Amino acid sequence: MLMKGLVPPSGKRGVQEHLLSLLQNCNSVSTLIQIHSQVVLNGLSHKNIIIANLLSFYIASGHFQHAHHLFAKMNNPTTTVWNHVIRGYARSQMPWKSVECYNHMVSAEVEPDGFTYSSLLSACARGGLVKEGEQVHGTVLVKGHCSSVFVDTNLINFYARGGGVERACHVFDDMKQRSVVSWNSILAGYVRCGDFDGAGRVFDAMPCRNVVSWTTMVAGCAQNGKCRQALLLFGEMRRARVELDQVALVAALSACAELGDLKLGRWIHWFVQQRTACIILPQVFLLTCCVFENDAEFLLA
């Protein structure tokens with residue numbers, strides 16, 4: 001039985017517009033399935049704009065079986081539709097499926113675009129698909145997509161994740177345009193391989209930093225035994241009035257526990273209480289216990 005609001009108006013065009021409106025406001029899988037049923041019942045399964053939105057929601061909610069059946073029934077899916085599927089798999093626990101999907105896309109003689117290659121490189125980075133990622137890089141160069149900031153940023157991330165920070169640097173240096181995400185990707189590459197001198201140079205050269213830039217440095221230092229440096233950066237982060245997220249707080253507390261910095265540990269505990277209405281996140285609570293191991297009653301004050 002359809003939920004209230006899912007009964008479409010009369011007329012094919014009116015039905016299509018109504019279903020698109022419902023899709024844009026859809027917030028549950030059960031509602032999505034009902035909308036899908038109406039798409040089928042009203043003979044709109046050939047409308048790519050509706051199918052693309054259905055696919056996007058199914059994939060975003062992790063319902064790949066529904067998405068696969070829907071996609072398999074489409075006639076001549078466009079590049080945009082293929083991109084939805086490739087991006088969805090890239091973000092899933094099955095990133096290698098993006099490569100399979102891309103191969104089917106090429107076999108179907110559908111032209112990939114910059115968004116296709118961006119998602120594909122992201123999948124290769126997440127899945128550790130080194131050979132495939134290098135092949136994508138070659139294709140990007142041949143097809144002329146190397147000037148796209150999105151493609152280049154994902155190339156940097158691909159090489160940096162695999163420990164190839166030098167190759168990531170070559171891509172970064174050749175970029176005509178860089179975003180803060182590009183800077184963060186090369187920064188994370190240096191941190192991941194333990195080159196904090198290189199990371200420091202990148203961090204200092206950044207024209208614009210966001211919370212990810214700061215937390216990458218703070219967490220990276222804390223996790224690699226550079227606790228004093230982590231707390232110095234955390235202090236700079238506070239003075240710069242950057243939002244203190246859970247990653248930065250956990251990293252700073254870890255450094256406090258290592259160095260026995262009770263004063264800063266108490267301040268972080270107070271800060272978390274103020275921001276979460278006295279509900280302490282599990283990671284923060286456990287680390288606070290480490291900092292105050294002989295003063296646990298303070299936590300309950």
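Residue numbers start at 1 and run along the sequence shown. Note: hydrogens, waters and symmetry copies are ignored here, and every other heavy atom, side chains too, is used. This one's a predicted model, so the numbers in the text were calculated from it and none came from an experiment.
The closest side-chain donor-acceptor pair between Ser213 and Asn210 falls under 3.5 angstrom. A donor and an acceptor atom, one from each side chain of Ser179 and Ser182, are located under 3.5 Å apart.
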**OP:** Give the C-alpha distance, both sets of side-chain angles, the deciding distance and a yes or no for salt bridge (charged side-chain N to carboxylate O under 4.0 Å, His left out) between Arg209 and Glu236.
**Re:** CA-CA 12 Å; Arg209 300 170 185 149; Glu236 289 181 30; 5.5 Å; no
Original post:
Does the pair Phe172 and Val202 meet the rule for a side chain to side chain contact (heavy atoms under 4.5 Å, CB included), with working shown?
Top reply: CA-CA 11 Å; Phe172 182 79; Val202 171; 5.7 Å; no
**OP:** Please step through side chain to side chain donor-acceptor pair (under 3.5 Å) for the pair Thr116 and Asp113, ending with a clear verdict.
**Re:** CA-CA 5 Å; Thr116 313; Asp113 59 15; 2.9 Å; yes
**OP:** Decide yes or no on side chain to side chain contact (heavy atoms under 4.5 Å, CB included) for Met206 and Phe203, but give the supporting numbers first.
**Re:** CA-CA 5 Å; Met206 291 182 76; Phe203 187 74; 4.3 Å; yes
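Contact detail for Arg126 and Arg91: the closest heavy-atom pair is NH1-C, 3.6 Å. In terms of heavy atoms, Phe196 sits closest to Gly220 at CZ-O, 3.3 Å. Counting all heavy atoms, side chain and backbone alike, Phe64 lies closest to Gly88 at CZ-O, 3.6 Å. Residues Gly133 and Leu121 come closest through the heavy atom pair O-CD2, 3.9 Å. Among all heavy-atom pairs drawn from Ala222 and Ala251, the shortest one is CB-O, 3.6 Å. Across all non-hydrogen atoms, the minimal contact from Val247 to Ala219 is CG1-CB, 4.1 Å.
No side-chain heavy atom of Asp152 sits less than 4.5 Å from a side-chain heavy atom of Arg178. Side-chain atoms of His137 and Phe158, non-hydrogen and from C-beta on, never get closer than 4.5 Å to each other. Taking the side chain as every heavy atom from C-beta outward, Leu120 and Val99 approach each other to under 4.5 Å.
Relative ring orientation between Trp270 and Trp267 is described as tilted, the plane-to-plane angle lying within the 30° to 60° band.
The aromatic ring centroids of His170 and Tyr159 lie 6.0 Å or more from each other. Ring centroid separation for the pair Trp82 and Phe71 comes in under the 6.0 Å cut-off.
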